[in-house]
Amino acid sequence: MVAYTYMDASFSSPRENVLQLGLREGMKVGDFGAGSGHYARAAAGIVGHGGRVYAVDVQEDVLKHLKLNTHTHHQRIIEAIWGDIEKLGGTHLRDQSLDAVILVNTFFQVEHRPGLLEEIRRVLKTGGKLMVVDWAGSYGGMGPAPKQVVSEHEAEDFFIGGGFHKVKSFRAGPHHYGIIFTSP
């Protein structure tokens, strides 16, 4: 298991949470709003060299950091993509090309939710999985400001309203919730 420098009692475990998706060798996964790539690396460890992880972020400098801090073993599995997850076609991925999409600590920052929903639906295969992990609250300077927090119920309603089917909820860490959906 890879030790992540930020992992302690206050954060979620990328590896444990990614296991909730039921990924297998050879799958194709999109990490939308990948940031520093902890979840992309966790997914890469499961899908292996027969699979692919597309780490998509709008911040080009973050993607450079992700590439520099990815072990050579995973560099051929993870592809960093400079793209906009809030815009139809913004990820530059093919239609129905992904088995799963990971959206971690990102939903609370999304300004154009309908665009995000359209893009996730476009790239996911029918029956593909979506994992949403986000902050359950605002914790005195850790996480988003109180008015930015998107509750688990609100996230669930949004994706179900967009045609997704809820599979399960899970505790994604002491300050995070997790929800798994399947695409229509």
Side-chain angles (χ1 to χ4, degrees), residues 12 14 17-18 20-23 27-43 47 52-63 66 78-138 143-170 172-173 175-184:
S12 60
N17 291 341
V18 165
Q20 297 285 333
L21 268 171
L23 298 177
M27 286 185 154
K28 291 182 176 29
V29 180
D31 183 358
F32 284 20
S36 54
H38 296 293
Y39 278 80
R41 286 191 285 277
V47 302
R52 195 80 163 159
V53 177
Y54 302 96
V56 183
D57 207 290
V58 73
Q59 298 180 60
E60 202 170 9
D61 57 327
V62 170
L63 292 172
L66 183 153
I78 299 171
E79 181 179 332
I81 298 174
W82 184 35
D84 186 350
I85 64 172
E86 297 181 35
K87 180 176 143 192
L88 189 62
T91 63
H92 314 291
L93 297 169
R94 290 191 332 254
D95 292 357
Q96 297 189 348
S97 60
L98 300 181
D99 298 294
V101 168
I102 297 168
L103 189 69
V104 177
N105 291 341
T106 302
F107 194 53
F108 79 92
Q109 300 176 67
V110 171
E111 293 176 8
H112 186 61
R113 290 182 185 171
L116 171 70
L117 184 67
E118 285 182 314
E119 185 62 0
I120 292 172
R121 279 198 309 230
R122 184 185 72 77
V123 299
L124 267 180
K125 295 175 181 176
T126 301
K129 293 184 179 176
L130 166 64
M131 178 176 74
V132 177
V133 172
D134 222 310
W135 292 90
S138 183
K147 66 180 182 170
Q148 286 184 298
V149 173
V150 178
S151 72
E152 180 177 354
H153 180 71
E154 188 180 348
E156 186 177 302
D157 283 352
F158 176 77
F159 287 104
I160 289 172
F164 284 80
H165 306 284
K166 182 181 174 187
V167 175
K168 65 179 174 179
S169 290
F170 63 97
H175 300 101
H176 293 82
Y177 61 83
I179 313 169
I180 304 289
F181 300 95
T182 55
S183 65

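We're numbering straight along the sequence, starting at 1. Atoms considered below: every heavy atom in the structure, side chains included; atoms not considered: hydrogens, waters and symmetry mates.
- By the salt bridge (charged side-chain N to carboxylate O under 4.0 Å, His left out) test, D157 pairs with no residue at all, sequence neighbours left out.
- Contacts of K168 classified as side chain to side chain donor-acceptor pair (under 3.5 Å), with partners at least two apart in sequence or in another chain: Q20.
- In this structure, E119 pairs ionically with R122, as a charged nitrogen and a carboxylate oxygen lie closer than 4.0 Å.
- Contacts of S169 classified as side chain to side chain donor-acceptor pair (under 3.5 Å), with partners at least two apart in sequence or in another chain: E152, K166.
- A donor-acceptor pair under 3.5 Å is absent between the side-chain atoms of D84 and the main chain of G90, judged by distance alone.
- Checking each of D31, V29, I102, V133 against V18 for a side chain to side chain contact (heavy atoms under 4.5 Å, CB included) leaves exactly one that passes, namely I102.
- A distance of 12.5 Å separates CG in L23 from NZ in K28, rounded to the nearest 0.5 Å.
- For T106 (side chain) and V104 (main-chain N/O), a donor-acceptor pair under 3.5 Å exists by modelled atom type.
- By the 30° and 60° cut-offs, the orientation of the rings of F164 relative to F181 is perpendicular.
- Checked by atom type and distance alone, the side chain of R41 never pairs as donor or acceptor with a backbone atom of P14 at under 3.5 Å.
- No more than 12 heavy-atom neighbours from other residues, nucleotides or ligands sit within 6.0 angstrom of NZ on K87.
- Going from atom CD1 of I85 over to atom CD of Q109 covers 8.5 Å, rounded to the nearest 0.5 Å.
- The CG atom of L130 lies 8.0 Å from the CD1 atom of I180; values are rounded to the nearest 0.5 Å.
- Under the 4.0 Å criterion applied to side-chain N and carboxylate O atoms, K129 and D99 are not assigned as salt-bridge partners.
- Results of the ring-ring contact (aromatic ring centres under 6.0 Å, His included) test with F107 over F32, Y177, F159 single out F159 as the only residue that passes.
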